[in-house]
K.L.:
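Got a structure for you, written out below as structure tokens; questions coming shortly.
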There are 2 protein chains.
Amino acid sequence: MTRVLVVDDSPQIVATLRLNLKARQYDVQVAADGGQALTQAADWHPDLVILDLGLPDLDGVDVIRGLRGWSEAPIIVLSGRTGSKDKVDALDAGADDYVTKPFGVDELLARIRAITRRAPADESPPTVQLGPYRIDLARKAVTGAAGTTVHLTPTEWGIIELLVRNPGKLISQRRLLTEVWGPLYLKETHYLRVYLASLRRKLEADPSRPRHLITEPGMGYRFEP
Amino acid sequence: MTRVLVVDDSPQIVATLRLNLKARQYDVQVAADGGQALTQAADWHPDLVILDLGLPDLDGVDVIRGLRGWSEAPIIVLSGRTGSKDKVDALDAGADDYVTKPFGVDELLARIRAITRRAPADESPPTVQLGPYRIDLARKAVTGAAGTTVHLTPTEWGIIELLVRNPGKLISQRRLLTEVWGPLYLKETHYLRVYLASLRRKLEADPSRPRHLITEPGMGYRFEP
DNA sequence: GAACGGCGCTAAGAAGCCGTCAAGACGACC
DNA sequence: GGTCGTCTTGACGGCTTCTTAGCGCCGTTC
């Protein structure tokens, strides 16, 4: 779960952001001024910081520099100031993006996705542990305990990727079918049964009693880390 | 020296960008439409792409997707469209930033610095061991056990370079074809079969049972050290 | 308790992909 | 113009993967 630190002194913006981020499964904390921001960032190690420049105590650029002194977490600046110099200063101080107020929530969320895509969540590399197996999505490789490797077919990768990218979250049959086979295959739910069986045979210690690739009858499937 | 590919059909914008980027020691190339952009990106391997969405031939989002099929170079979108949906679509397709026209050159340059700061120019190990052979990518030479040398053709080098630079990682057929032959050859997958056979004949102890140049059916190839 | 729907499991045929060999086309260089 | 190395094509057999069908199990519904 991606941790997002929101730094802003306007209750309204904080409320909007908190609501929207929580709805999308981000873990959110809030700091109301620059001093708090630095303390909380040090304590909590967020994966992303959303930073308003107009803070009551410190200058925003100093907060960026303070963070960059020891953290590489991406920083998205929110600011009412639209001047070129403000943007350049913030970006050169170490910010990754600069969004001017008023901003569209959809756009901000897309920018968050774009940035976290490139700088993956702290301590959560593109590899996931599933029982004794390590699933490396970037390399498309699964390695087992004693250096053994497990081979997955393209379709199996399509399924496992979708599930593993959304740990603990239910993925509907509809979504699996459209994203792996295409929207014309919505009826072919038995494909899922065949391939989930195959995946469990390869990845579960006891395929008949799956602990990680869970069926939610009538709904879909879920990856439980 | 950071290579920047500018994709835009407006001569004025191209001139401005080229001037400013060159003055700051960037290596610049220009493409005037989407097809050219894909070809040049495959040939030249830019470290960053600046992409205008309003191109004469292809839809901008399709260009992003085309690039993302095989390249991880950062993409900054330039666009006259300011709608939220346009931004979200481009960012979710794989763009890293979205700047609306008219734009400030200083701001764009700062955004370029911010993005290249995070994704540094790619580099690689100059020599790699493959069984009894030592592959020197810089000198384009393969030396065997007793001072013997193995000769590779240009196309074979193109393939082995891509594979060896990403040890253990699956390289899609799509990426091999676009980077070695160009984006127009996406369909010619049997080229890969012929050349992989040739490489295995030269580099594998038992070409019929390859241990380093591995096929992943339906997906691509992998170099196992 | 029988019928029904959703799921797990297996296995076999079909479809598509891969490795291999060999011949023709092309271009560089004498 | 001929030779050589390299790149493109084509054909074929073998293998992996996908698709499809059938059966058994379980819980729910009538």
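Chain letters run A, B, ... following the sequence lines, proteins first and then strands; every chain starts at 1. Side chains are part of it too, since the values below use all heavy atoms of this structure and drop only hydrogens, waters and symmetry mates.
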K.L.:
Indicate, with a heavy-atom threshold strictly under 4.0 Å, whether B/S208 touches base, sugar-phosphate, or nothing.
P.N.:
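Answer is sugar-phosphate: B/S208 comes under 4.0 Å of backbone atoms only.
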
K.L.:
So that I can tick it off, tell me whether A/K140 and A/D136 are bridged by a salt bridge, with the cut-off set at under 4.0 angstrom between side-chain N and carboxylate O.
P.N.:
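A/K140 and A/D136: not salt-bridged.
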
K.L.:
Measure all distances between protein nitrogen or oxygen atoms and nitrogen or oxygen atoms of nucleotides 23-27 of chain C, and list the pairs falling under 3.5 Å.
P.N.:
none

K.L.:
Polar pairs (N or O, both sides) under 3.5 Å between protein and nucleotides 24-26 of chain D?
P.N.:
none

K.L.:
Salt bridge or not between B/D97 and A/R111? Use side-chain N to carboxylate O under 4.0 Å.
P.N.:
yes

K.L.:
Is atom CZ of A/F103 surrounded by more than 12 heavy atoms (other residues, nucleotides or ligands) closer than 6.0 Å?
P.N.:
yes

K.L.:
Is the shortest side-chain N to carboxylate O distance from A/R209 to A/E204 below 4.0 Å?
P.N.:
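Between A/E204 and A/R209 there is no salt bridge, as every charged N stays at least 4.0 Å from the carboxylate O atoms.
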
K.L.:
Within less than 4.0 Å of OP1 or OP2 of C/dC9, is there a side-chain N or O belonging to A/R201?
P.N.:
no

K.L.:
Is the CZ atom of B/R68 crowded by more than 12 outside heavy atoms at less than 6.0 Å?
P.N.:
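Yes, enclosed.
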
K.L.:
Sequence neighbours excluded, which residues qualify as ring-ring contact (aromatic ring centres under 6.0 Å, His included) partners of B/Y26?
P.N.:
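Once residues adjacent in sequence are excluded, B/Y26 has no partner under the ring-ring contact (aromatic ring centres under 6.0 Å, His included) criterion.
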
K.L.:
State which residue, out of B/I160, B/I135, B/T148, fulfils the side chain to side chain contact (heavy atoms under 4.5 Å, CB included) condition with B/V142.
P.N.:
B/I135

K.L.:
May I ask you to decide whether A/D206 forms a salt bridge with A/R200, counting only side-chain N to carboxylate O separations under 4.0 Å?
P.N.:
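A salt bridge is absent here (no side-chain N lies under 4.0 Å from a carboxylate O).
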
K.L.:
Between A/D106 and B/K87, does a salt bridge (charged side-chain N to carboxylate O under 4.0 Å, His left out) hold up when you go through it step by step?
P.N.:
CA-CA 9 Å; A/D106 290 339; B/K87 297 183 185 179; over 6 Å; no

K.L.:
Not counting sequence neighbours, which residues clear ring-ring contact (aromatic ring centres under 6.0 Å, His included) with A/Y221? List them please.
P.N.:
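So A/Y221 forms no ring-ring contact (aromatic ring centres under 6.0 Å, His included) with any residue.
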
K.L.:
Can you check whether B/L21 reaches B/L109 side chain to side chain, under 4.5 Å on heavy atoms?
P.N.:
yes

K.L.:
Which of these nucleotides, C/dC21, C/dG8, C/dG19, is closest to any side-chain atom of B/Y221?
P.N.:
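Shortest atom-to-atom distance from the side chain points to C/dG19.
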
K.L.:
Would you kindly give the CZ-to-C1' distance between A/R200 and C/dT10, to the nearest whole Å?
P.N.:
15 Å

K.L.:
Take the angle between the ring planes of B/Y191 and B/Y185 and call it parallel below 30°, perpendicular above 60°, tilted in between.
P.N.:
tilted

K.L.:
Treating primed atoms plus P, OP1 and OP2 as sugar-phosphate and everything else as base, which nucleotides of nucleotides 14-20 of chain D get B, S or - for protein heavy atoms under 4.0 Å?
P.N.:
--SSBBB

K.L.:
Determine to 10° how strongly the helix from C/dG1-D/dC30 to C/dC30-D/dG1 is bent, judged from the axes of its five-pair ends.
P.N.:
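Axis angle across the helix from C/dG1-D/dC30 to C/dC30-D/dG1, nearest 10°: 30°.
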
K.L.:
Kindly say if B/Q173 contacts the phosphate of C/dC18, meaning a side-chain N or O under 4.0 Å from OP1 or OP2.
P.N.:
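Result: yes.
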
K.L.:
Is B/E72 salt-bridged to A/R118, cutoff N-O under 4.0 Å?
P.N.:
no

K.L.:
Using whole Å, report how far NZ of A/K187 lies from C1' of C/dG5.
P.N.:
17 Å

